Amino acid sequence: MEKPVTRKSKKVHNHIPDDASLSILSKLSIKSLKRFECVCKQWSILFENPYFMNTYRNHIIHTNHSHYDYHDHHASLILRHIVEAIPRLEVYLYLVSGERFENRLKLDASLPSKELGQDIIIVGSASINGIFCVTSMEVEEKKIVLWNPLTQEMKVIPPSPIVSIAPAKYFAPQIHGFGYDCVSDDYKVIRYVRFDQRSVMATFDIGLPDEAWSWNERGYDPFWEIYSLRSNSWKKLDIKMNVLRVCFADAEIVRFYMDGMCHWWTKRESVNKCRDKVYLVSFDVSNEVSFTTPMPDDNFALGLVESHLVMLNGYVALISYYIDTASFHISVLGEIGVKESWSKLFIAGPLSNVERPIGAGKKGNIFFKRDRELVCFDLGTGMIDELGVEGDMCQMVIYKESFLSIRGISN
């Protein structure tokens with residue numbers, strides 16, 4: 001005989017224990033967590049709860065983004081290393097791996113160096129399917145190559161048609177990103193182009209005929225253009241975006257590609273320099289549209305804070321060095337376009353004699369320069385590890401090996 005169902009046994013308990021709900025919330029993305037702040041008062045103050053924040057920070061730094069999937073995708077780090085030599089500086093690329101990056105192998109970069117010269121720069125903070133976008137300060141980003149170090153295959157990107165339109169003008173491009181278009185299975189380079197007036201002497205030096213020069217030659221407005229590997233061509237973009245504006249030393253590390261978007265930061269200057277507005281610009285590679293996100297106001301106090309943009313475990317992150325306390329504050333962006341989604345998750349320090357960050361690795365490792373040596377700061381343990389690499393390190397890039405054929409895409 002079946003036991004009758006009583007009213008009491010029908011009652012459904014909809015209360016979730018606090019420890020269970022906090023455990024679930026600690027595994028959410030910052031975007032979702034910010035949106036759930038309106039659910040109840042307890043959830044609205046989660047970022048003030050020390051226990052929850054410790055759990056959440058551990059989740060952020062230990063849940064590896066696909067960029068850092070070292071074992072399944074053979075990802076390593078490439079260190080751009082400058083060595084003082086006579087008569088000029090020498091630049092080397094090293095493939096580094098191991099728990100303490102004890103394995104270092106000099107990478108053969110002779111192929112792109114033949115096109116670009118010695119001082120090569122990798123655009124962005126990671127390879128895309130094994131392919132790097134490489135340029136050089138020696139050619140001022142006018143020449144670009146796509147390079148797969150594993151296959152030693154290289155594609156020299158053709159010059160833009162605009163170069164031949166105004167020969168008496170100085171062509172000054174600035175690369176802002178290299179990304180992958182997953183919709184059309186294409187690889188793209190986006191850059192900003194402006195023109196400066198050449199001097200009369202400069203036109204003579206490059207062999208231009210007299211008729212190519214005119215003091216009254218019309219001006220050319222700056223514009224954006226994008227290169228497609230699949231079509232092997234450039235096209236002009238009808239788009240308005242703010243250009244990359246950072247000091248020269250940071251140019252290598254503040255532009256990166258992640259999850260379909262190229263990111264960089266910019267500054268809109270005002271008459272009062274203390275009120276300059278700083279923004280993150282995000283360019284959707286597939287749809288070719290852009291978004292802007294205001295930076296946190298407290299990160300850009302004039303003269304008191306040095307800030308750097310990095311990719312941290314799948315997030316856009318802002319690392320700010322507070323000079324007066326010798327400490328680093330790390331804010332992470334939850335949702336593009338939403339200023340309020342910036343969350344200050346980490347405070348580290350004091351860390352004396354540490355220079356600007358040159359990159360971030362898996363499990364919350366931030367790489368800094370200190371007294372011309374490479375050091376690694378572990379966000380989980382708060383410890384600094386000296387890696388025994390000396391010299392002027394100015395860039396660190398994530399590299400995943402791939403046999404992808406560049407020519408196969410462009411043909």
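The structure displayed is predicted, hence computed values, not measured ones.
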### Message
For the backbone of Gly130 and the side chain of Ser402, can you confirm whether one donor and one acceptor N or O come within less than 3.5 Å of each other?
### Response
no

### Minimum heavy-atom distance Arg191-Trp234, with the two atoms named
NE-CH2, 3.4 Å

### Query
Asn148 and Leu404: which non-hydrogen atoms are nearest, and at how many Å?
ND2-O, 3.2 Å

### Query
Going from CG on Asp385 to CZ on Phe367, what distance comes out if it is rounded to the nearest 0.5 angstrom?
9.5 Å

### Message
Is there a side chain to side chain contact (heavy atoms under 4.5 Å, CB included) between Ser290 and Ile239? Walk through the geometry before answering.
### Response
CA-CA 8 Å; Ser290 67; Ile239 192 171; 4.0 Å; yes

## Note on the structure
For Thr266 and Val243, the nearest pair of non-hydrogen atoms, with its separation, is OG1-O, 2.6 Å

### Gap between atom CE of Met154 and atom CZ of Phe132 - 0.5 Å precision
15.0 Å

### Message
Just so I know, are the side chains of Ser125 and Val397 near enough to count as touching, which here means a heavy-atom distance under 4.5 Å?
### Response
no

### Message
Tell me whether Tyr56 contacts the main-chain N or O of Ile30 through its side chain, where contact means a donor paired with an acceptor under 3.5 Å.
### Response
yes

### Message
Counting neighbours of CG on Asp238 that are heavy atoms of other residues, nucleotides or ligands and sit closer than 6.0 Å, is the number greater than 12?
### Response
no

### Query
What are the two closest heavy atoms between Ser341 and Leu333, and how far apart are they?
OG-CD1, 3.3 Å

### Query
In Å and rounded to the nearest 0.5 Å, what is the CD to CG distance from Gln152 to Leu111?
5.5 Å

#### Entry: Side-chain heavy-atom pair Ile175, Arg255 within 4.5 angstrom cut-off
yes

### Query
Can any side-chain N or O of Arg230 pair as donor or acceptor with the backbone N or O of Asp185 at less than 3.5 Å?
yes

### Query
Any side-chain donor paired with an acceptor under 3.5 Å for Asp186 and Ser228?
yes

### Query
Which atoms form the tightest heavy-atom contact between Leu312 and Ala317, and what is the distance?
CB-CB, 3.8 Å

### Query
Okay, side chain of Ser233, backbone of Tyr227: is any donor-acceptor separation there less than 3.5 Å?
no

### Query
Under 4.5 Å between any side-chain heavy atoms of Ile144 and Val123, yes or no?
no

### Task
Please answer whether the main-chain N or O of Leu309 pairs with a side-chain N or O of Trp264 as donor and acceptor at a distance below 3.5 Å.
no

### Query
How long is the gap from CZ on Phe377 to CD1 on Ile330, to the nearest 0.5 Å?
7.5 Å

### Message
With a 3.5 Å distance limit and no angle check, can you tell me whether His176 reaches the backbone of Gln174 through a side-chain donor-acceptor pair?
### Response
yes

### Query
Does Phe178 reach the side chain of Ile131, with side-chain heavy atoms less than 4.5 Å apart?
yes

### Query
Going by heavy atoms in the side chains, are Phe283 and Glu288 under 4.5 Å from each other?
yes

### Task
Check whether any side-chain N or O of Arg57 sits under 3.5 Å from a backbone N or O of Leu345 as a donor-acceptor pair, and report yes or no.
yes

### Query
Just wondering, do Trp224 and Ile226 contact through their side chains at under 4.5 Å, heavy atoms?
no

### Query
Do the side chain of Ser136 and the main chain of Asp119 share a donor and acceptor less than 3.5 angstrom apart?
yes

### Query
Any side-chain heavy atom of Ile120 sitting closer than 4.5 Å to one from Leu93?
yes

### Query
So, Phe328 versus Phe368, ring centres under 6.0 angstrom or not?
yes

### Query
Are any non-hydrogen side-chain atoms of Asn232 and Pro158 less than 4.5 angstrom apart?
yes

### Query
Okay, side chain of Tyr257, backbone of Gly124: is any donor-acceptor separation there less than 3.5 Å?
no

## Note on the structure
Smallest heavy-atom separation, Ile406 atom then Lys155 atom, equals CG2-CB, 3.5 Å

### Sidechain-backbone polar pair: Asn313 side chain, Ile60 backbone, donor-acceptor under 3.5 Å
yes

### Task
Could you tell me the separation between the CD1 atom of Ile78 and the OH atom of Tyr399, rounded to the nearest 0.5 Å?
6.5 Å

